[in-house]
Visitor: 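One structure, pasted below without further comment.
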Amino acid sequence: MCRLFGLHAGSRPVRATFWLLDAPDSLSEQSRREPDGAGIGSFDTDGGARVSKRPLAAWEDHAFAREARQLLSTTFLAHVRYASTGAHTMVNTHPFEQDGRLFAHNGAFHGLDRLDARLAELGVAELVQGQTDSERLFALITAETRRATGDVAEGIVRAVGWIAAELPVLALNIIITTATALWALRYPATHPLYILERDPAAEPAPAAPLDARSHRIRSRSTELSAVRSVLFATEPMNHNPGWRPLSPGELVHVGPDLAVACTFPFPDQPAYPLTLADLEPSAAASQMS
C-alpha cells in the first residue's frame with residue numbers, strides 16, 4: 001500500500017535529508033512491489049509550497065528515489081504511491097498542492113462519478129488535473145475549506161463526512177500540511193497510521209539526530225536532535241517507544257507550537273464500507289501491506 005510520512009518541526013525551519021524507496025534494491029523485491037510514484041513536499045522560508053516528485057514505474061530510472069534530497073522547512077510531507085486509480089503520470093503523483101496546502105492519501109474509495117458531480121456543484125472541478133481518487137478527495141476538502149472560510153479542520157470534517165455517508169470507502173488516511181500546521185486522519189480502521197511526539201529533552205540517552213526510516217521512506221535531520229517535533233507515518237520508523245497508532249476516526253491537528261489536538265468527528269464505519277474483495281485485483285494489490 002502507499003506509504004505516508006509527515007513531519008512538523010515547529011516554528012523554526014530545519015534541514016532534513018530524505019531518501020525514498022530505502023528498501024533493499026534487489027530485482028526480486030522490485031518485481032513484487034514496484035512503486036508507481038514518489039514525492040516530497042516542503043515549504044520555503046516565505047511559506048511557499050514546494051513539491052519534488054516523479055511518476056516512478058518499472059521501466060523508469062530510480063535515480064530520483066535513491067538520491068538524498070536535503071530540504072529546509074518547518075513541515076515535510078513524503079509519499080510513495082502504489083496506484084489503485086490513475087496512470088503512472090506526474091499529475092497522478094503525490095503530494096498534491098491546492099490553495100498553498102500539500103496533501104497525500106493512503107487508501108481507496110469508489111463512486112468517482114458522483115464525486116465529480118459534487119465537485120462541479122461546488123465549482124472546483126478544475127482543481128482536478130489527473131485521474132486519482134486522492135486528488136478528488138483533496139479538491140473536495142479544498143472546496144469545503146473555502147466554504148468554511150479557511151478552517152481546514154472543518155473542511156476535512158465536511159468533505160470526509162460527505163464521502164463516508166455517500167460513497168463506498170475502503171480507507172481515507174490523509175496528511176495535509178501548511179508551513180505552520182499539519183492535519184492527519186486515520187479513517188476507518190482499514191490501514192494504520194502512527195504518531196510520534198518527539199521530545200529529545202525527555203529522552204534518557206544523549207540527544208541523537210532524528211533518523212526515521214521505513215522500507216520505503218527515510219528522513220534524517222541533525223538539527224532535530226535537540227528540538228521537539230511531531231511525526232506521522234504508515235508504520236513506526238524507528239525504535240522510539242513513543243510511537244502510537246491513531247485510533248480509527250481520529251483527526252489530529254498539530255499547530256505552530258507543536259500542540260497536538262485530537263478529535264473524533266466521524267462515525268465508526270462509513271455507510272458503505274469496502275473490503276479488498278470488492279476491489280479489482282490490481283487495486284486490491286495496491287492496498288495490501
Side-chain angles (χ1 to χ4, degrees), residues 1-2 4 36-37 79 81-99 101-176 183-191 193 248-251 264-288:
M1 63 183 174
C2 299
L4 290 171
D36 300 314
H79 183 273
R81 179 183 182 227
Y82 293 91
S84 57
T85 59
H88 307 160
T89 61
M90 187 71 78
V91 294
N92 289 332
T93 304
H94 306 225
F96 302 102
E97 178 188 354
Q98 295 176 12
D99 286 3
R101 293 181 285 269
L102 299 177
F103 170 94
H105 165 228
N106 174 20
F109 58 93
H110 288 171
L112 299 191
D113 53 343
R114 290 197 59 201
L115 180 51
D116 284 341
R118 178 64 174 162
L119 295 177
E121 178 185 336
L122 296 174
V124 294
E126 77 285 352
L127 291 177
V128 180
Q129 303 298 310
Q131 296 86 40
T132 66
D133 52 358
S134 303
E135 190 181 25
R136 289 172 165 87
L137 168 58
F138 190 24
L140 185 59
I141 292 172
T142 297
E144 294 294 2
T145 298
R146 290 175 180 176
R147 280 156 46 99
T149 62
D151 186 333
V152 177
E154 182 62 23
I156 294 171
V157 171
R158 293 181 185 181
V160 172
W162 185 89
I163 290 177
E166 301 292 335
L167 305 181
V169 170
L170 178 75
L172 300 174
N173 288 9
I174 64 172
I175 298 177
I176 297 177
W183 295 262
L185 170 67
R186 179 190 180 194
Y187 185 72
T190 313
H191 294 330
L193 187 62
E250 184 173 359
L251 175 62
F264 295 84
F266 305 107
D268 290 343
Q269 289 289 331
Y272 308 100
L274 291 174
T275 68
L276 292 178
D278 298 315
L279 305 182
E280 294 294 327
S282 59
S286 76
Q287 297 300 318
M288 294 179 183

Visitor: Rounded to the nearest 0.5 Å, how far does NE2 of His79 lie from CG of Leu102?
Guide: 13.0 Å
Visitor: So Leu137 and Ile163, side chain to side chain contact (heavy atoms under 4.5 Å, CB included) or not? Walk me through it.
Guide: CA-CA 8 Å; Leu137 168 58; Ile163 290 177; 3.5 Å; yes
Visitor: Output yes when a side-chain donor or acceptor of Arg136 lies under 3.5 Å from a complementary backbone atom of Gln131, and no otherwise.
Guide: yes
Visitor: Between Arg147 and Leu122, is there a side-chain heavy-atom distance shorter than 4.5 Å?
Guide: yes
Visitor: Between Arg186 (side chain) and Ala189 (backbone), is there a donor-acceptor pair under 3.5 Å?
Guide: yes
Visitor: Could you give the distance from CD (Glu97) to CD (Gln129), rounded to the nearest 0.5 Å?
Guide: 11.5 Å
Visitor: Please confirm whether the backbone N or O of Glu166 pairs with a side-chain atom of Arg114, one donor and one acceptor, at under 3.5 Å?
Guide: yes
Visitor: Might you point out which heavy atoms bring Val91 and Glu135 nearest each other, and give the distance in Å?
Guide: O-OE1, 4.1 Å
Visitor: Aromatic ring centroids of Phe138 and Phe96 under 6.0 Å?
Guide: no
Visitor: Looking at every non-hydrogen atom in both residues, tell me the closest pair between Ile174 and Ile141 and how far apart they are.
Guide: CD1-CD1, 3.8 Å
Visitor: Let's go through Thr142 and Phe103 carefully: what are the C-alpha distance in whole Å and the side-chain angles of both, what is the deciding distance for side chain to side chain contact (heavy atoms under 4.5 Å, CB included) to 0.1 Å, and is it a yes or a no?
Guide: CA-CA 10 Å; Thr142 297; Phe103 170 94; over 6 Å; no
Visitor: Yes or no on side chain to side chain contact (heavy atoms under 4.5 Å, CB included) for Asp133 and His105, after CA distance, side-chain angles and deciding distance?
Guide: CA-CA 9 Å; Asp133 52 358; His105 165 228; 4.2 Å; yes
Visitor: Return the CZ to CG distance between Phe266 and Leu172, rounded to the nearest 0.5 Å.
Guide: 8.5 Å
Visitor: So how far is it from Thr190 OG1 to Leu274 CG, rounded to the nearest 0.5 Å?
Guide: 9.0 Å
Visitor: Closest approach of Gly155 and Glu144, non-hydrogen atoms and distance?
Guide: O-CB, 3.6 Å
Visitor: To the nearest 0.5 Å, what is the distance between CG (Leu4) and NE2 (His191)?
Guide: 9.5 Å
Visitor: Closest approach of Trp183 and Ile156, non-hydrogen atoms and distance?
Guide: CB-CD1, 3.7 Å
Visitor: Say whether, by atom type as modelled, one donor and one acceptor occur between the side chain of Asn173 and the main chain of Tyr187 under 3.5 angstrom.
Guide: yes
Visitor: Can you name the closest pair of heavy atoms from Ala139 and Val128 and give their distance?
Guide: CB-CG2, 3.9 Å
Visitor: Please find the pair of heavy atoms, one from Ala165 and one from Ala271, that lie closest to each other, and give the distance.
Guide: O-CB, 3.7 Å
Visitor: Can you establish whether the number of heavy atoms outside Asp268 located under 6.0 Å from its atom CG is more than 12?
Guide: no
